[in-house]
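Before anything else, here's the structure in question.
Quick note on labels: first sequence line is chain A, next is B, and so on, each numbered from 1.
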Protein chains: 2
Amino acid sequence: MNIGDVAKRAGLPAKTIRYYEDIGLVKPKRDANGYRAFAEKDLHRLAFLARARALGFSIEECRKLISLYDDENRASADVKEVAEGHLTQIDAKIAQLQEMRATLAELVRCCHGDDRPDCPILADLDGSGVQAAS
Amino acid sequence: MNIGDVAKRAGLPAKTIRYYEDIGLVKPKRDANGYRAFAEKDLHRLAFLARARALGFSIEECRKLISLYDDENRASADVKEVAEGHLTQIDAKIAQLQEMRATLAELVRCCHGDDRPDCPILADLDGSGVQAAS
DNA sequence: CTTGACCTTCCAGCTACGGGAACCCCTAAG
DNA sequence: CTTAGGGGTTCCCGTAGCTGGAAGGTCAAG
């Protein structure tokens, strides 16, 4: 398979696949003409990566997951640990966004949004957060 | 005020403040010795930026907000538009994260997490998403 | 005079790619 | 045979928003 075919089937841009090779996530053979020759196994790896990335795992986490995937003697506990760590990160991110969202929604709610300059959003951004000189 | 003082009072690293000057968000005067000399007005600008960034506004959005902040004849509608746009983005991000979270939590729940290699997380990542050759 | 804490500029690197140039390869059609 | 097109290849730059570090100037205290 050439890179275009795997790109379609794994659902990843060709550029991304080349990048993954660069950073050692996948190691396709080469044809005589220099083209990458992907085996079915490589395709599976890439699909694995695509899905892991879609779940928000970082490249480094993917690297860890792939190495566990490759390891016949892995402990599922190790996989679970990576996933739980990521889950914790996601929860933190969600919490942070929800806090932003709450503040922002309140500010938006208070702004009349007409042609007058008076604006509680700017007032909030301006007023807060300046520490007095000590 | 030197950069260290404003850094403390605005709650931003000195590096960040220099960067903001680089990209034209703030324009402090200079002392004879080349040190940046921040006025109270600059401090307010930086605190404004710090707060806007904390609410997740991008630098470009901050630029827009600052220009409205500077404009005595602004319409609050313009501010509200920026804020609402950002709110929409945040909501999209939250939705995406929650979807990841749901999938991931289910996978974690299904994984026994012991020393055996059998793992539904890896099975899920592996199994899905490979398009058949057409 | 020296020490240490400031300040300055500049350059490199981070994440996870995307865009584009310059070039090679292969097939089909005229 | 040539040409056109649609693959592929490498390489380098750019993104966002900083952060770290090097090499050096400045200033106040001891």
Side-chain angles (χ1 to χ4, degrees), chain A residues 1-38 42-43 45-46 48-66 86 89-90 93 96-97 100 133-134, chain B residues 1-38 42-43 45-46 48-66 86 89-90 93 96-97 100 133-134:
Chain A
M1 267 177 300
N2 281 349
I3 200 169
D5 306 320
V6 264
K8 261 175 222 140
R9 293 182 59 191
L12 287 172
K15 276 268 185 186
T16 299
I17 296 174
R18 291 197 194 96
Y19 173 65
Y20 287 174
E21 185 187 11
D22 259 19
I23 63 174
L25 282 178
V26 69
K27 293 168 178 80
K29 303 234 153 95
R30 296 296 180 125
D31 281 338
N33 58 13
Y35 285 22
R36 289 170 183 81
F38 293 88
D42 297 317
L43 173 59
R45 258 179 115 75
L46 287 166
F48 180 104
L49 289 167
R51 177 124 175 99
R53 293 287 299 130
L55 286 178
F57 287 102
S58 72
I59 291 289
E60 283 318 303
E61 286 167 331
C62 287
R63 206 187 287 282
K64 179 79 183 154
L65 287 173
I66 278 276
H86 181 44
Q89 303 263 10
I90 287 183
K93 191 83 190 166
Q96 186 199 8
L97 285 171
M100 285 180 187
S134 58
Chain B
M1 263 178 302
N2 281 349
I3 200 168
D5 306 320
V6 263
K8 260 176 222 140
R9 293 181 59 191
L12 286 173
K15 278 266 184 188
T16 299
I17 297 174
R18 292 197 192 98
Y19 173 66
Y20 287 175
E21 185 187 12
D22 259 17
I23 63 175
L25 283 178
V26 70
K27 293 167 179 80
K29 302 234 153 94
R30 296 295 180 126
D31 281 338
N33 57 12
Y35 285 22
R36 290 171 183 80
F38 293 88
D42 297 317
L43 173 59
R45 255 180 119 73
L46 287 167
F48 181 105
L49 289 167
R51 177 121 173 101
R53 294 285 301 131
L55 286 178
F57 287 102
S58 71
I59 292 289
E60 283 319 304
E61 286 167 331
C62 288
R63 206 186 288 281
K64 178 79 184 153
L65 289 173
I66 280 275
H86 181 45
Q89 304 262 9
I90 287 183
K93 191 83 189 165
Q96 187 199 7
L97 284 172
M100 284 180 187
S134 58

Inset, instruction - Figure out the CZ/P separation between A/Arg63 and C/dC17, and round it to whole Å. - result: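 Value for this atom pair: 12 Å.
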Legend entry - Atom pair distance, as rounded to whole Å: CG in B/Asp5 and C1' in C/dC6: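 After rounding, the reported distance stands at 10 Å.
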Legend entry - Backbone of B/Glu61 reached by a side-chain donor or acceptor of B/His86 within 3.5 Å: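 Answer holds: no.
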Inset, instruction - Mind calculating the distance between CZ (A/Arg53) and P (C/dG18) to the nearest angstrom? - result: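 Between P of C/dG18 and CZ of A/Arg53: 10 Å.
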Inset, instruction - For residues B/Arg45 and B/Leu25, report the shortest heavy-atom separation together with the two atoms involved. - result: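 Where B/Arg45 meets B/Leu25 most closely, the heavy atoms are NE-O, 3.1 Å.
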Legend entry - Side-chain N,O (A/Thr16) to OP1/OP2 (C/dG18) below 4.0 Å: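 Yes.
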Legend entry - Under-4.0 Å side-chain N/O to phosphate OP1/OP2 contact, B/Arg30 with C/dT9: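 Yes.
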Legend entry - Separation of D/dG7 P from A/Met1 CE (nearest whole Å):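 One finds 17 Å between P of D/dG7 and CE of A/Met1, rounded.
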Legend entry - Any B/Asn33 side-chain N or O less than 4.0 Å from OP1/OP2 of D/dC27: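 It does, given that an N or O in the side chain of B/Asn33 lies less than 4.0 Å from OP1 or OP2 of D/dC27.
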Inset, instruction - Considering non-hydrogen atoms only, spot the tightest contact between B/Ala10 and B/Ala50 and give its length. - result: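 That closest heavy-atom pairing would be O-CB, 3.7 Å.
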Legend entry - Closest-nucleotide ordering on DNA chain D, the 5'-leading residue of B/Ser58 and B/Tyr35: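 Going by which nucleotide is closer to the 5' end, it is B/Ser58.
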Inset, instruction - Would you mind classifying the nucleic acid contact of B/Arg18 as base, sugar-phosphate or nothing, using non-hydrogen atoms under 4.0 angstrom? - result: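 Touches a base.
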Legend entry - Under 4.0 angstrom between A/Tyr20 side-chain N/O and C/dC17 OP1 or OP2: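 Affirmative; the distance criterion is met.
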Legend entry - Nearest-neighbour nucleotide for the A/Tyr19 side chain, C/dC17, C/dT8, D/dG17 considered: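 Output: C/dC17.
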Legend entry - Spacing of B/Asp22 atom CG relative to D/dA16 atom P, expressed in whole Å: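 After rounding, the gap between these two atoms is 15 Å.
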Legend entry - B/Phe57 CZ to D/dA16 P, straight-line distance once rounded to whole Å: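 Going from CZ in B/Phe57 over to P in D/dA16 covers 18 Å.
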Legend entry - Spacing between A/Glu21 atom CD and C/dA16 atom P, to the nearest angstrom: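 These atoms are roughly 19 Å apart.
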Inset, instruction - Establish whether the base of D/dG17 is bridged to the side chain of B/Lys15 by a donor-acceptor pair shorter than 3.5 Å. - result: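 There is none.
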Legend entry - Distance-minimising heavy-atom pair for A/Ala14 and A/Ala7: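 The answer is N-CB, 4.0 Å.
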Legend entry - Short side-chain N/O contact to C/dT9 OP1/OP2 from B/Arg36, under 4.0 Å: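 For C/dT9, OP1/OP2 do have a side-chain N/O of B/Arg36 under 4.0 Å.
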Legend entry - Intermediate values then yes/no, salt bridge (Lys or Arg N to Asp or Glu O under 4.0 Å), B/Glu60 and B/Arg63: CA-CA 5 Å; B/Glu60 283 319 304; B/Arg63 206 186 288 281; 3.2 Å; yes
Legend entry - Gap between atoms CD1 and P, on A/Ile23 and C/dG18 respectively (whole Å):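 After rounding, the gap between these two atoms is 12 Å.
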